[in-house]
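The structure under discussion appears below in the form of structure tokens.
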Amino acid sequence: MKLKSDFYLNPDVEDIAQKLLGKILVTRFNGILTSGKIVETEAYAGVQDKASHAYNHRRTKRTEIMYQKGGTAYVYFIYGMYNLFNVVSNQAGIPHAVLIRAIEPVDGIEVMLKRRKLKQQKYNLSAGPGLLTQALAIDVNHSGLSLLNSAIWIEDQAVEITPREILSGPRINVGYAAEDALLHRRFWIKENPWVSKAR
DNA sequence: ATAAAGATCATT
DNA sequence: ATGATCTTTATG
């Protein structure tokens, strides 16, 4: 069942980052459906978080999306080649976001392989924030879309991921964030091979 | 107008 | 450890 608005209005971004683990991220573009189980996330805690694009109330054309109501997609382009997908959370005006860092493929694996230009399934299909967006065909044109609609959304699962199955650590490649780089705001499912290997 | 940096990844 | 590749942002 598609997650509804109240799930995304959660004011605790570290909590929602953990609750997104185990849920299914789905895209359906031109009738083509692809999806994967979320296995790794990172929480970005708005204006107080030195790692966040919205740190210190930074408000630009790009970051404007983060100030929208929870349940909006925030997608940005980085390093000249990658689109990174985030789930905006909390009420409008508070720029919380959760970066989806890795998924375990579920539906449309053949299509995803084609999009990634891979012959056979390996972990580099979708284990990494810049890779899963390719597999699901998400790009910056989708930034601002509502996750309550039928192009990009997240499905609830009967089986909840329990706190015992979740590990945490510092976020990846946020060295510019000074002391906030040390906070444990990266979460992943213990022993899941689809978690990114990045360091 | 210009320059620097970046929530990455594949390769050496 | 390095290179690819280009948008976004800050600064002048």
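Proteins get letters first, then strands, A, B, ... in listed order; numbering begins at 1 in each.
The nearest whole Å value for the distance from the CG atom in A:Leu131 to the P atom in B:dA7 is 17 Å. Per the geometry, NE2 belonging to A:His57 stands 15 Å off P belonging to C:dA10, to the nearest Å. The separation between A:Leu99 atom CG and B:dG6 atom P is 16 Å, rounded to whole Å.
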Which dot-bracket string fits DNA chain B when only Watson-Crick or G-U wobble pairs with both atom distances under 3.5 Å count, crossing pairs get [ ], and | stands for a partner on a different strand? ||||||.||||.
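Exactly one residue among A:Ile100, A:Ile161, A:Ile189 makes a side chain to side chain contact (heavy atoms under 4.5 Å, CB included) with A:Ile38. That residue is A:Ile100.
Scanning residues 107-130 of chain A for heavy-atom distances under 4.0 Å to DNA chain B yields A:Arg116, A:Gly128, A:Pro129, A:Gly130. Heavy-atom distances under 4.0 Å link DNA chain B to A:Tyr76, A:Ile78, A:Tyr79, A:Gly80, A:Tyr82, A:Leu84, A:Asn86 of residues 73-90 of chain A, given in residue order. For DNA chain C, the residues of residues 58-65 of chain A within the heavy-atom distance limit of 4.0 Å (strictly under) are A:Arg58, A:Thr60, A:Arg62, A:Thr63, sorted by number. Scanning residues 37-55 of chain A for heavy-atom distances under 4.0 Å to DNA chain C yields an empty list.
For residues 109-148 of chain A, the set of pairs meeting the ring pair (Phe, Tyr, Trp, His ring centres under 6.0 Å) definition, not counting sequence neighbours, comprises A:Phe29-A:His142, A:Tyr123-A:Trp194.
In summary, the side chains of A:Asp139 and A:Asn83 do not present any donor paired with an acceptor at a separation below 3.5 Å, with no hydrogens or angles considered.
Here A:Asn173 does not reach the OP1 or OP2 of B:dA7: none of its side-chain N or O atoms lies under 4.0 Å away. Contact annotation: A:Arg101 side-chain N/O to B:dT8 OP1/OP2 distance is under 4.0 Å.
The environment of CZ in A:Arg62 is crowded: more than 12 heavy-atom neighbours from other residues, nucleotides or ligands sit within 6.0 Å.
Salt bridge A:Glu40/A:Arg186: present, at least one basic N to carboxylate O contact under 4.0 Å. A salt bridge links A:Glu42 with A:Arg101; the closest basic N to acidic carboxylate O contact falls under 4.0 Å. Salt-bridge formation is detected for the pair A:Lys50/A:Glu179: a Lys NZ or Arg NE/NH1/NH2 atom is positioned less than 4.0 Å from an Asp or Glu carboxylate oxygen. Classification of A:Asp156 and A:Lys23 as a salt-bridged pair holds, one side-chain N sitting under 4.0 Å from a carboxylate O.
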Salt bridge (Lys or Arg N to Asp or Glu O under 4.0 Å) for A:Glu155 and A:Lys2? Distances and angles first, verdict last. CA-CA 4 Å; A:Glu155 289 278 331; A:Lys2 192 179 292 185; over 6 Å; no
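A chain of hydrophobic side-chain contacts below 4.5 Å, direct or via other Ile, Leu, Val, Met, Phe, Trp or Tyr residues, connects A:Tyr44 to A:Tyr74.
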